[in-house]
Amino acid sequence: MSDPMRPRSSLRTAVVWEVLQDALDRRVKATGRDSLDVLDTGGGSGNFAVPLARLGHRVTVVDPSPNALFALERRTAEAGVADRVRGVQGDAHGLFDVVEPSGYDVVLCHGVLEYVDDPAEGVRNAVAALRPEGVLSLLAAGLGGAVLARALAGHFTEAKQALEDPAGRWGTGDPMPRRFTAEQLTGLVEAAGLRVAAVHGVRVFADLVPGVLVDTEPGALDALLKLEAAAAELPAFHSVATQLHVLGETSGATGA
């Protein structure tokens, strides 16, 4: 899947796109359908929905922000995929007020669990939206990456606070309501009845490397992308990733 965003931004999405592309390809092969039904919870203005629609998939975006959904409508029109993307206002808690359960081949839950009151309920609802053979793509903020970033910035007390805080927050000024470890995320996915197919660290190095180096040093961006891809699957680096990506599969999708 070609990354539709600017090269610098691809550092934040390349690993997730690669894993998601593989999952989509396997679902297409298993179902015999070229077009899958995808639910993107918290999908905002369509960073994932629009590229997925360009591949021919039907995408429903659920987001609580009217402004984000307006931007999504404009963006899909500009991309020529308005007929394959539907935006509805809602959230993970009241998901089935706006969409039908058991209706999707793939559910994206990216950047949602950090903000919901009950992450376990958010995952259960996402899983309940899947068909008997389906895949969940879960992306959330990683605890270790925030601790490392605060420490490298010289904010050692805040780094320790984040490390010890049950929600992984470094203080009252922290804009992120909650962070997770890989073990916490995989536990939520398994508790909801899915098999964990893969765990990847996202932005292991990208947020620590000076932007001027990536933007000006010849070949630096490509080399950093390759480094991120190489480290993403290694458990040793999950503990320092800015984000964590978990791919879960229903029992019916296992081995597809």
Side-chain angles (χ1 to χ4, degrees), residues 1-31 33-65 67-90 92 99 103-113 126 129-131 134-141 197-198 200-203 206 214 221-222 224-226 228-229 232 241-249 253 256:
M1 180 185 297
S2 61
D3 195 310
M5 305 178 208
R6 294 185 303 274
R8 190 75 172 86
S9 299
S10 68
L11 285 168
R12 299 176 178 269
T13 58
V15 169
V16 179
W17 276 120
E18 184 176 349
V19 176
L20 189 57
Q21 173 71 87
D22 181 65
L24 289 164
D25 288 347
R26 288 187 288 111
R27 285 285 82 222
V28 165
K29 183 178 179 180
T31 61
R33 292 184 282 111
D34 291 334
S35 181
L36 300 175
D37 293 305
V38 180
L39 174 64
D40 188 356
T41 63
S45 60
N47 285 344
F48 282 86
V50 170
L52 288 172
R54 282 182 175 142
L55 292 177
H57 302 300
R58 297 177 294 272
V59 187
T60 299
V61 175
V62 176
D63 197 280
S65 169
N67 289 337
L69 293 174
F70 178 77
L72 172 69
E73 183 178 0
R74 184 177 64 248
R75 189 171 178 181
T76 57
E78 292 172 352
V81 295
D83 60 327
R84 291 194 292 275
V85 179
R86 179 173 71 103
V88 292
Q89 189 172 358
V99 301
Y104 299 90
D105 301 292
V106 179
V107 173
L108 277 55
C109 186
H110 294 173
V112 173
L113 296 189
L130 287 170
R131 288 173 173 150
V135 174
L136 170 68
S137 175
L138 181 65
L139 182 67
H200 291 84
V202 179
R203 290 155 57 189
V214 177
L221 176 62
D222 186 57
L224 183 53
L225 283 167
K226 290 177 180 177
E228 288 279 353
T242 298
Q243 292 178 305
L244 295 162
H245 183 246
V246 178
L247 195 74
E249 294 181 338

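Position 1 is the first residue of the sequence; numbering continues from there. Just so you know, these numbers come straight off a predicted model, no measurement behind them.
Contact check for Arg33 versus Asp105: side-chain heavy atoms found under the 4.5 Å cut-off.
No side-chain donor-acceptor contact under 3.5 Å links Thr76 to the backbone of Val85. Under the 3.5 Å distance criterion, the side-chain polar atoms of Gln89 are matched with a main-chain donor or acceptor of Pro64. Using a distance-only test at 3.5 Å, with no hydrogens or angles considered, no donor-acceptor pair links the side chain of Glu228 to the main chain of Ala14.
With sequence neighbours excluded, no residue forms a salt bridge (charged side-chain N to carboxylate O under 4.0 Å, His left out) with Arg74. Partners of Asp22 according to the salt bridge (charged side-chain N to carboxylate O under 4.0 Å, His left out) rule, which considers only residues two or more places apart in sequence or in another chain, are Arg26. Residues satisfying the side chain to side chain contact (heavy atoms under 4.5 Å, CB included) criterion with Arg86, sequence neighbours excluded, are Thr60, Val88, Val99, Tyr104. Listed by chain and residue number, Ser137 satisfy the side-chain hydrogen bond (donor to acceptor under 3.5 Å, both in side chains) test with His245 (two or more places apart in sequence, or in another chain). When the side chain to side chain contact (heavy atoms under 4.5 Å, CB included) test is applied to Ala77, no partner is found at least two apart in sequence or on another chain.
When each of Leu52, Leu72, Val81 is checked for a side-chain contact (heavy atoms from CB on, under 4.5 Å) with Val59, only Leu52 meets the rule. Of the candidates Val106, Leu247, Val246, Val107, Leu136 forms a side-chain contact (heavy atoms from CB on, under 4.5 Å) with just one, namely Val107.
What you find for Val15 and Gly201 is that their closest heavy atoms are CG1-O, 4.2 Å. The two residues Gly44 and Asp63 have their closest heavy-atom pair at N-OD2, 2.9 Å.
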Identify each donor-acceptor pair in which a side-chain atom of residues 34-43 lies under 3.5 Å from a protein atom, sequence neighbours left out, and give them as a table.
{"residue": "Ser35", "atom": "OG", "partner": "Gly56", "partner atom": "O", "Å": "2.8"}
{"residue": "Ser35", "atom": "OG", "partner": "Arg58", "partner atom": "NH1", "Å": "2.9"}
{"residue": "Asp37", "atom": "OD1", "partner": "Arg58", "partner atom": "NE", "Å": "2.7"}
{"residue": "Asp37", "atom": "OD1", "partner": "Arg58", "partner atom": "NH2", "Å": "3.1"}
{"residue": "Asp37", "atom": "OD2", "partner": "Arg58", "partner atom": "NH2", "Å": "3.3"}
{"residue": "Asp37", "atom": "OD2", "partner": "Arg131", "partner atom": "NH1", "Å": "3.0"}
{"residue": "Asp37", "atom": "OD2", "partner": "Arg131", "partner atom": "NH2", "Å": "2.9"}
{"residue": "Thr41", "atom": "OG1", "partner": "Leu108", "partner atom": "O", "Å": "2.8"}

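Summarising the geometry, atom CG belonging to Asp25 is positioned 9.5 Å from atom CG belonging to Leu20; distances are rounded to the nearest 0.5 Å.
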